[in-house]
Amino acid sequence: MKFFVDTADTAEIKELAETGLIDGVTTNPSLVAKSGRPFKEVIEEICGLTNGPVSAEVVATDFETMVSEGKTLAAIADNVAVKLPLTWDGLRACRALADQDIAVNVTLCFSANQALLAAKAGAAFISPFIGRLDDINIDGMELISEIRIIYDNYLFETEILAASIRSANHVKLSAMAGADVATVPPNVIKGLASHPLTDKGLAAFLADAEKGGVKV
Ligand code: G3P
């Protein structure tokens, strides 16, 4: 499973990209607003920090303006994936941009039928929002499994990008359900490496090495 980092904070992206564990970046208007920086400037900088896809979202809601904003975003760098909301106009814009070889990430997906439509519209990625379904007591992970079955039934190439990931458990369950990608906030990615028994075991090894004068 690929890891995208879900943030517009370039310092955090740089730090994580240096680990070699990151395959791309996703942003959304809320994350860009939080960065406090101009939209194009921040997307351009992020595109220089990774060779993988960088999702940048339109803010228009009508077909013509979405296509126009999508083209503007795609012109920023070769690795921009235009993020469009899962609405009728968003699906139409997805088809129009995909036909011009622009990668599209269809976002705000909350049902398997929405995901089916996005695949038919030529989306490169579909973003089911796990955490926000869990927030309303619907099992977000079930949605990943349903989309996996449908896409495999018809050999759709649209990648399932598990989004709104809030915990290490979400990451594990997304991988088990066959998501192609998980987009994960920086703090959750960093937390994946932690285990109290790793810390305890390492402390014991180092204490024994010290005691026994073990040197490399
Ligand atoms: O990738 C979408 C993500 O940023 C939304 O996450 O936690 O705001 O539901 P959240």
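Counting starts at 1 for both ligands and their atoms, following the listed order.
Heavy-atom contacts of Phe129 reach the following atoms of ligand 1: 2 (C), 5 (C) (cutoff under 4.0 Å). In summary, the atoms of ligand 1 found under 4.0 Å from a heavy atom of Ala163, numbered by their order in the structure, are 1 (O), 2 (C). Each of the atoms 3 (C), 4 (O) of ligand 1 lies under 4.0 Å from some heavy atom of Asn28. Residue Thr183 has at least one heavy-atom neighbour below 4.0 Å for each of these atoms of ligand 1: 1 (O).
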Step-by-step side chain to side chain contact (heavy atoms under 4.5 Å, CB included) determination, Tyr151 to Ile126: CA-CA 11 Å; Tyr151 282 10; Ile126 182 69; 3.4 Å; yes

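Remark: the backbone N or O of Val54 is not paired with any side-chain donor or acceptor of Asn79 at under 3.5 angstrom.
Residue-to-ligand polar distances place Ser164 within reach of ligand 1: an N/O pair is separated by less than 3.5 Å. By the 3.5 Å distance cut-off applied to N or O atoms, Arg166 is counted among the residues near ligand 1. Close N/O approach between Arg132 and ligand 1 is found [any backbone or side-chain N/O within under 3.5 Å].
Ala17 approaches Ile22 most closely through the heavy-atom pair N-CG1, 4.2 Å.
Scanning the protein heavy atoms around atom 4 (O) of ligand 1, the nearest turns out to be Asp6 OD2, 2.6 Å.
Counting heavy atoms from C-beta on, the side chains of Met1 and Val171 come closer than 4.5 Å. Side-chain atoms of Phe125 and Val104, non-hydrogen and from C-beta on, never get closer than 4.5 Å to each other.
When heavy-atom distances to ligand 1 are checked against a 4.0 Å cut-off, Thr107 has no atom that comes that close, whether in backbone or side chain.
Other residues, nucleotides and ligands contribute only 12 or fewer heavy atoms inside 6.0 Å of the CG atom of Asn51.
When each of Leu192, Thr198, Asp199 is checked for a side chain to side chain contact (heavy atoms under 4.5 Å, CB included) with His195, only Thr198 meets the rule.
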